[in-house]
Amino acid sequence: MQFSASKPYQHPQSAEEAVQLQQQLREQISLSPLTAPVRYLAGADISFNLYEDTVYAGIVVLELPGLTPVVHALAQCVAGFPYVPGLLSFREIPSLLQAWELLPLKPDALVVDGHGIAHPRRMGIASHFGLVTGCPSMGCAKKKLAGRYEEPALEKGSISPLLHKKEVIGWAFRSKTGTKPVFISLGNGMSGEDALSLTRRSLGKYRIPEPTRQAHLLVNRFRRGEVPAGVHWYVRPPHTPSPTEK
DNA sequence: GCGACAG
DNA sequence: ATCTTGTCGC
């Protein structure tokens with residue numbers, strides 16, 4: 001992955017405190033372009049049972065250009081914050097961080113299920129998680145949280161800017177012809193061109209781009225007990241020479 | 001005051 | 001977010 005210091009995650013004890021943290025964190029965001037090509041692109045998502053506070057988090061690393069799964073990490077923990085629109089990251093990041101720390105291969109960029117700067121205070125979960133991990137990040141959400149937009153053309157690949165307070169905070173992106181658009185926004189450590197390019201390279205046969213779609217399918221299987229917690233390689237792990245065989 | 005409101 | 005079968009439309 002690239003150079004970018006990871007910031008420690010701070011957990012708020014109230015909604016007011018959470019908002020203050022976000023206002024402080026937004027100043028640390030960088031929207032400068034990626035400085036290295038993206039070979040490994042990851043998708044992150046969480047799942048849980050309604051009325052329960054156990055969170056099932058997962059991160060899948062795909063290799064471009066084929067979007068081939070390489071490795072994934074799954075972690076389970078208890079939610080330490082309620083779901084409040086605008087404060088989603090405080091509910092999901094602790095669990096995602098556990099999965100992140102388990103990952104033996106850090107991706108070159110990360111796509112989080114949710115918004116990045118397309119947020120009332122420009123601090124959605126994609127931006128927050130990008131800062132905490134030090135990994136370039138972007139958000140891919142199914143519904144908008146803030147801003148207004150014009151419907152993009154019906155053809156796959158069409159985009160329309162998402163505007164909030166006279167600023168472009170993201171794009172309504174037609175990921176599949178004739179279906180509702182998804183919302184793409186910057187997280188941290190990349191430019192708008194980077195995010196749109198990565199999204200185009202992540203499109204498969206479905207509305208949801210592969211990184212996030214794969215992560216979603218994975219965490220649901222995890223929640224149902226169909227796959228175990230921990231790390232799983234889809235291909236042979238990279239060979240690590242032992243001291244004796246140098 | 002009213003509508004909107006990621007996962 | 002999750003619970004669920006069939007059904008309508010390109």
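In what follows, chains carry the letters A, B, and so on, assigned in the order in which the sequence lines appear, proteins first and then strands, with residues in each chain numbered from 1. Note that the structure is predicted; figures quoted are calculated from it, not measured.
- Of the candidates His216(A), Arg213(A), Gln214(A), His216(A) is the only one forming a side-chain hydrogen bond (donor to acceptor under 3.5 Å, both in side chains) with Asp45(A).
- When base pairs are accepted only as Watson-Crick or G-U wobble with both N-N or N-O distances under 3.5 Å, DNA chain C takes part in no stem of 3 or more pairs.
- A heavy atom lying under 4.0 Å from DNA chain C marks none of the residues of residues 109-122 of chain A.
- The nucleotide range of DNA chain C contacted by chain A, defined by atoms under 4.0 angstrom from heavy atoms of the protein and reported 5' to 3', is dA1(C) to dC3(C).
- Under the 3.5 Å distance criterion, with hydrogens and angles disregarded, no donor-acceptor pair is assigned to the side chains of His232(A) and Tyr234(A).
- Listed by chain and number, the residues in a side-chain contact (heavy atoms from CB on, under 4.5 Å) with Leu31(A) are Ile29(A), Ile117(A), Leu186(A) (sequence neighbours excluded).
- Residue-environment remark: CD (Glu226(A)) exceeds the threshold of 12 foreign heavy atoms within 6.0 Å.
- No contact: His128(A) has no heavy atom under 4.0 Å from any strand.
- Base engagement by Ile125(A) is indicated by at least one non-hydrogen atom pair under 4.0 Å involving a base atom.
- Using a 4.0 Å heavy-atom cutoff across all strands shown, Leu87(A) reaches at least one base atom of the nucleic acid.
- No hydrogens or angles considered: nothing links the side chains of Ser197(A) and Asp194(A) as a donor-acceptor pair under 3.5 Å.
- Screening residues 163-205 of chain A for ring pair (Phe, Tyr, Trp, His ring centres under 6.0 Å) gives Tyr149(A)-Phe183(A) as the qualifying pairs, with residues at least two apart or on separate chains.
- Gly124(A) comes within 4.0 angstrom of a nucleotide base, judged by non-hydrogen atoms across all strands.
- Residue Ser47(A) is in sugar-phosphate contact alone, with no base atom involved, counting any heavy-atom pair closer than 4.0 Å across all strands shown.
- In summary, the side chains of Arg207(A) and Thr179(A) do not present any donor paired with an acceptor at a separation below 3.5 Å, with no hydrogens or angles considered.
- Using a 4.0 Å heavy-atom cutoff across all strands shown, Gly86(A) reaches at least one base atom of the nucleic acid.
- Residues Trp100(A) and Phe90(A) fall within the same hydrophobic cluster, defined by Ile, Leu, Val, Met, Phe, Trp and Tyr side chains chained together at heavy-atom separations under 4.5 Å.
- From the 5' end on, the contacts that DNA chain B makes with chain A at under 4.0 Å to a non-hydrogen atom open and close at dC5(B) to dG7(B).
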